[in-house]
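Numbers for residues simply follow the sequence, beginning at 1. Keep in mind that what you see is a predicted model, and the values were worked out from it rather than measured.
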Amino acid sequence: MIRKRTLFTLILISVLLVLSACGGTDSAAEDNSDETTETPKAGLNETTLDDVMTKKDNNEAFYVLIYDAKQDYVKNTKLLEAYDKALKDKDMTAFHMNLNTLDDEQKQKVDAMSEEYNNRVSGHNPFENGGMAVVHGGQFNSTYAYQGTAWNLNTIIGDANTESNTFLDDDLYSEVEKEIQFSIDYVNDQEINLTY
């Protein structure tokens, strides 16, 4: 009688161990696959300077919105909401980073990149003026410089904040849409294959 109970208990424990091992492996695989294969979504995706630099150094090709503004200005002007909406309307994916939130060491890196950018091309500088850039071939490229026009997003953010304007208002939103179209035109004209 004791032998039967022991045998039954061992069989039950074995079955439970096998089932829990199978269940644990599946869920662990799902969790890991989510982390390693996560791709950016259409619209704006927050990123860090280090991630942008790694992608640039790996010769990845992508859009990045660069701006330098206080967090409350960004919130009040609905800057990110406007860009997210315009990008989603075009089924585009872009990263964004606020230079205002960087620490001193990171700001020095940005200053060096900005100086390198000024030595390479004249016109719109996304590090100083803000706006969309296309990163490809290990370089930052302004779609405004390519189009031969200018846009000082950082100044406009400050002006919009003091005038109770938002980037979702028709006049500013149309400028955002124009900037998105410049980016599309640049990528198409240069035959750039985005890496996401």
Engineer: Between Lys85 and Asp89, does a salt bridge (charged side-chain N to carboxylate O under 4.0 Å, His left out) hold up when you go through it step by step?
Structural biologist: CA-CA 6 Å; Lys85 180 180 185 306; Asp89 286 348; 3.6 Å; yes
Engineer: side-chain contact (heavy atoms from CB on, under 4.5 Å) between Met97 and Val52: does it pass, once the steps are laid out?
Structural biologist: CA-CA 9 Å; Met97 63 179 182; Val52 167; 4.0 Å; yes
Engineer: Within a radius of less than 6.0 Å around CG of Asn58, do more than 12 heavy atoms belonging to other residues, nucleotides or ligands occur?
Structural biologist: yes
Engineer: Describe, in one word, how the ring planes of Tyr144 and Phe182 are oriented to each other, choosing from parallel (under 30°), tilted (30 to 60°) and perpendicular (over 60°).
Structural biologist: perpendicular
Engineer: Thinking salt bridges, do Lys88 and Asp84 make one under a 4.0 Å N-O criterion?
Structural biologist: yes
Engineer: Working to the nearest 0.5 angstrom, can you tell me the gap between Glu46 CD and Leu65 CG?
Structural biologist: 11.5 Å
Engineer: Measure the spacing between CG of Leu194 and OH of Tyr63 and express it to the nearest 0.5 Å.
Structural biologist: 5.0 Å
Engineer: Is any side-chain heavy atom of Met113 closer than 4.5 Å to one of Leu49?
Structural biologist: yes
Engineer: How long is the straight-line distance from OG1 of Thr166 back to OH of Tyr173, given to the nearest 0.5 Å?
Structural biologist: 11.0 Å
Engineer: Could you go through residues 102-109 and list every donor-acceptor pair under 3.5 Å that involves a side-chain atom there, pairing it with any protein atom two or more places apart or in another chain?
Structural biologist:
{"from": "Asp103", "atom 1": "OD1", "to": "Glu105", "atom 2": "N", "distance (Å)": "3.2"}
{"from": "Asp103", "atom 1": "OD1", "to": "Gln106", "atom 2": "N", "distance (Å)": "2.8"}
{"from": "Gln106", "atom 1": "OE1", "to": "Asp103", "atom 2": "N", "distance (Å)": "3.2"}

Engineer: How close do Ile192 and Ala61 get, counting heavy atoms only, and between which atoms?
Structural biologist: CG2-CB, 3.7 Å
Engineer: Return the OG1 to NE2 distance between Thr47 and His96, rounded to the nearest 0.5 Å.
Structural biologist: 8.5 Å
Engineer: Under a 4.5 Å cut-off applied to non-hydrogen side-chain atoms, are Val187 and Val134 in contact?
Structural biologist: yes
Engineer: Would you check if Asn161 and Asp72 make a side-chain contact, meaning some heavy-atom pair closer than 4.5 Å?
Structural biologist: no
Engineer: Tell me if the NZ atom of Lys78 is crowded by more than 12 foreign heavy atoms within 6.0 Å.
Structural biologist: no
Engineer: Determine whether Met132 and Tyr83 make a side-chain contact, defined as any pair of heavy atoms from C-beta on separated by less than 4.5 Å.
Structural biologist: yes
Engineer: Aromatic ring centroids of Tyr186 and His136 under 6.0 Å?
Structural biologist: yes
Engineer: Determine whether a donor-acceptor pair (N or O, by modelled atom type, separation under 3.5 Å) exists between the side chain of Ser114 and the backbone of Val110.
Structural biologist: no
Engineer: Any chance CG of Asp57 has more than 12 other-residue heavy atoms, nucleotides or ligands included, within less than 6.0 Å?
Structural biologist: yes
Engineer: Mind checking the CD1-NZ spacing from Ile157 to Lys70? Nearest 0.5 Å is all I need.
Structural biologist: 12.5 Å
Engineer: Do you know the tightest heavy-atom contact between Ala42 and Asp91?
Structural biologist: CB-OD1, 3.7 Å
Engineer: Kindly give the heavy-atom pair with the smallest separation between Ser142 and Pro126, and that separation in Å.
Structural biologist: CB-CD, 4.0 Å
Engineer: Which atoms form the tightest heavy-atom contact between Lys56 and Phe62, and what is the distance?
Structural biologist: N-CE2, 4.1 Å
Engineer: Can you confirm whether Ile156 sits close enough to Tyr67 that some side-chain heavy atom of one is under 4.5 Å from a side-chain heavy atom of the other?
Structural biologist: no
Engineer: Linking I/L/V/M/F/W/Y whenever their side-chain heavy atoms sit closer than 4.5 Å, directly or via other members, would Leu153 and Leu168 fall into one cluster?
Structural biologist: no
Engineer: Please report the interatomic distance OH(Tyr73) to OG1(Thr162), rounded to the nearest 0.5 Å.
Structural biologist: 7.5 Å
Engineer: Any chance CG of Asn193 has more than 12 other-residue heavy atoms, nucleotides or ligands included, within less than 6.0 Å?
Structural biologist: no
Engineer: Hydrogens and angles aside, do Asn154 and Asp68 bring a side-chain donor and acceptor to less than 3.5 Å of each other?
Structural biologist: no
Engineer: Is the NZ atom of Lys41 crowded by more than 12 outside heavy atoms at less than 6.0 Å?
Structural biologist: yes
Engineer: Regarding Asn45 and Thr93, do their side chains bring together a donor and an acceptor under 3.5 Å, going by distance alone?
Structural biologist: no
Engineer: Does Leu99 reach the side chain of Ile66, with side-chain heavy atoms less than 4.5 Å apart?
Structural biologist: yes
Engineer: Report yes or no: does Asn98 contribute a side-chain atom to a donor-acceptor pair with the main-chain N or O of Ala69 at less than 3.5 Å?
Structural biologist: yes
Engineer: For the residue pair Lys90 and Gln181, establish whether any side-chain heavy-atom pair is separated by less than 4.5 Å.
Structural biologist: yes
